Amino acid sequence: MKLSVRLAALLTPALLLAAACAPQTSDNSASDKDEQTGTLRVWLFQEVNNAPKEKVVDAVLAEFEEAHDDTEVSVEYIPVETRAQRIKAAFNDPQSAPDLIEYGNTDTAGYVKDGGLADVTAEFTDWDAAKDTDPTAKQSVTVDGKVYGVPYFVGVRALYYRTDVFDELGLKPPTSQAELIATAKEIRAARPELYGLAVGGAYTYGAMPFIWAHGGELATGKGGSYASAIDSAAAREGIEAYTSLFGDDNCPAAKCAGWGGNDTVTAFASGKAGMAIGGDFSHQAVEAGEVKGRYAVVPLPGVESGSIAPAFAGGNNLGVLRSTSHRTLAVDLMKRLASKEAQGQLFQEMGFLPTFTDVRQEAVAKDPFVEPFVETLAAGTEFVPASPAWAQIDASLVLPTMFQEVVSGKKDVATASKDAAKKMNDAFGSMG
């Protein structure tokens with residue numbers, strides 16, 4: 001009987017230092033081997049409560065090992081916070097690299113540029129389940145028309161609101177962006193101890209729907225060649241709408257300008273806000289807070305009454321490393337971990353939304369809470385530019401800086417967005 005290795009521990013500081021200092025010029029070329037036996041190494045992300053994820057993964061691995069003689073799997077759960085240096089080091093040191101990794105879907109283009117991920121277009125195309133993959137989820141594993149992994153789960157944001165506050169003030173859930181802003185300010189006026197709608201100057205993915213709802217874009221282009229569009233007329237309208245929510249009449253800039261997404265959800269969960277933009281992944285935090293039993297969720301409204309603002313389609317993917325010497329086995333395991341059955345189990349255990357449209361509908365039937373998030377996905381989502389420059393733009397806080405400059409009064413929308421566009425274009429240009 002085969003025994004699998006299960007490593008679910010955080011890295012020691014020494015190991016982290018070794019990873020961060022790994023050679024940066026090593027060869028990460030594709031292996032000329034495709035071994036059908038041996039040990040596969042897998043890196044998955046460590047969750048706050050990892051036991052439910054391990055349960056799902058272990059079930060998949062047991063079936064995989066049963067199907068492949070003389071094969072076992074070594075799984076290491078790595079901290080999300082240190083993924084960048086770990087994975088970069090793995091790309092540059094094939095001898096110690098895993099065969100299969102979990103990675104954030106905004107990292108795809110950068111990892112492809114680094115030459116770390118294997119092109120699995122043919123295998124993805126031949127995968128029966130692929131036809132039911134959400135188009136935006138597929139986009140998150142696609143660069144220049146080639147597929148570099150499979151979507152693992154997806155996450156989107158919607159509008160959480162306090163049912164008790166709305167009942168007390170005779171309010172209805174807003175159906176347009178104008179109603180949303182007006183409702184936020186009405187709550188603040190009637191209940192000054194509350195933020196009407198908790199917003200954050202560093203909450204990039206909460207602000208993006210306002211830009212997209214007005215017809216704006218982050219950037220235009222394809223095939224690795226992008227130009228910023230954050231200073232277009234449509235994008236500026238969205239920026240103005242979002243930044244109008246920072247002030248004493250809703251969420252004071254002195255307090256809220258520095259907030260990120262977690263801060264806004266925490267404010268709502270602790271009973272300090274009438275509304276917040278949160279993800280399906282925020283559910284457990286809200287349920288554990290002061291507002292348990294006194295809230296509901298609806299899609300974030302768009303500009304037109306009854307419309308839904310396009311949301312950012314976040315989530316994680318699985319990818320085979322280009323350097324693997326077990327390509328066939330690694331691809332098979334990747335498909336099994338991201339199968340419809342496994343994604344359904346991840347939803348049951350962790351609340352992660354499946355990337356398959358049919359499995360998501362089954363999830364709604366089992367748990368009505370996810371319906372507004374599935375509605376949001378069905379209405380159409382957006383994604384960040386498929387450029388390795390996005391990681392640099394995100395890490396440099398280009399968009400948060402722009403929002404904060406506006407809400408602090410340092411710059412008007414036109415100037416701040418123009419400056420942000422220049423920074424984005426510099427990043428795009430640096431990638432060639």
Side-chain angles (χ1 to χ4, degrees), residues 45 80 102-112 124 129-143 147-160 203-222 226 229 235 238 260-261 265 277-283 297-302 307-319 338 340 343 346-347 350-361 363-364 369-388 390-391 393-394 399:
F45 289 158
V80 176
E102 178 180 356
Y103 65 93
N105 63 9
T106 60
D107 294 328
T108 306
Y111 290 169
V112 170
F124 185 87
K131 68 181 186 302
D132 295 319
T133 299
D134 178 88
T136 306
K138 182 181 178 182
Q139 180 186 347
S140 78
V141 293
T142 305
V143 178
V147 177
Y148 292 91
V150 297
Y152 195 30
F153 62 85
V154 67
V156 291
R157 293 163 177 82
L159 182 68
Y160 286 71
Y203 191 7
T204 304
Y205 296 107
M208 284 178 177
F210 289 78
I211 294 171
W212 289 323
H214 282 269
E217 299 286 349
L218 302 179
T220 57
K222 61 180 180 179
Y226 286 89
V265 171
I277 300 169
D280 52 279
F281 41 83
S282 306
H283 186 210
V297 184
V298 294
L300 185 68
S307 67
I308 297 175
F312 167 71
N316 288 356
N317 301 329
L318 297 173
K340 291 185 177 183
Q343 288 196 22
L346 273 179
F347 170 74
M350 305 288 293
F352 294 161
L353 280 178
T355 64
F356 300 108
T357 53
D358 54 339
V359 182
R360 281 209 296 261
Q361 290 305 317
V364 171
F369 166 78
V370 303
E371 186 169 0
F373 300 100
V374 173
E375 280 186 56
T376 299
L377 285 164
T381 54
E382 294 284 349
F383 197 60
V384 299
S387 166
W390 178 255
I393 292 167
D394 199 28
L399 297 184

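Numbering starts at 1 and runs along the sequence shown. It should be emphasised that the depicted structure is a prediction, and the values quoted were computed from it without experimental measurement.
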How are the rings of Tyr160 and Phe369 set relative to one another: parallel (under 30°), tilted (30 to 60°) or perpendicular (over 60°)?
tilted
Identified ring-ring contact (aromatic ring centres under 6.0 Å, His included) counterpart of Phe153 within the set Phe347, Phe352, Phe356
Phe352
side-chain contact (heavy atoms from CB on, under 4.5 Å), paired with Pro354, selected from Lys340, Gln343, Gln361:
Gln343
How far does CG of Leu159 sit from CD1 of Ile277, to the nearest 0.5 angstrom?
7.0 Å
Any side-chain heavy-atom pair from Val141 and Pro151 closer than 4.5 angstrom?
yes
How would you list, by chain and number, every residue that makes a ring-ring contact (aromatic ring centres under 6.0 Å, His included) with Tyr148, sequence neighbours excluded?
none
Just verifying a value: how many Å separate Thr355 OG1 and Asn105 CG, rounded to the nearest 0.5 Å?
11.0 Å
Does some side-chain heavy atom of Val384 sit less than 4.5 Å from a side-chain heavy atom of Tyr205?
yes
Within the side chain of Glu102, is there an N or O that forms a donor-acceptor pair under 3.5 Å with the backbone of Phe45?
yes
Give me the atom names and distance for the closest heavy-atom approach of Gly302 to Ala213.
CA-CB, 4.3 Å
Partner set under side-chain contact (heavy atoms from CB on, under 4.5 Å) for Ser307, not counting sequence neighbours
Glu304
Find the distance between NE2 (His283) and CZ (Phe281) and round it off to the nearest 0.5 Å.
13.0 Å
Any Arg360 side-chain heavy atom under 4.5 Å of Val370 side chain:
no
When rounded to the nearest 0.5 Å, the distance separating CG of Asp358 from CG of Asp132 is 4.0 Å
Would you say Asn317's side chain and Ser140's backbone share a donor-acceptor pair under 3.5 angstrom?
yes
Look up atom CZ in Phe312 and atom CG in Leu218, then write down how far apart they are to the nearest 0.5 Å.
9.5 Å
If you measure from CG on Asp134 to CD on Gln139, what distance do you get to the nearest 0.5 Å?
9.5 Å
Could you walk me through whether Leu353 and Leu377 pass side-chain contact (heavy atoms from CB on, under 4.5 Å), step by step?
CA-CA 10 Å; Leu353 280 178; Leu377 285 164; 4.0 Å; yes
Sequence neighbours left out, what passes side-chain contact (heavy atoms from CB on, under 4.5 Å) with Ala311? Give chain and number order.
Val156, Thr376
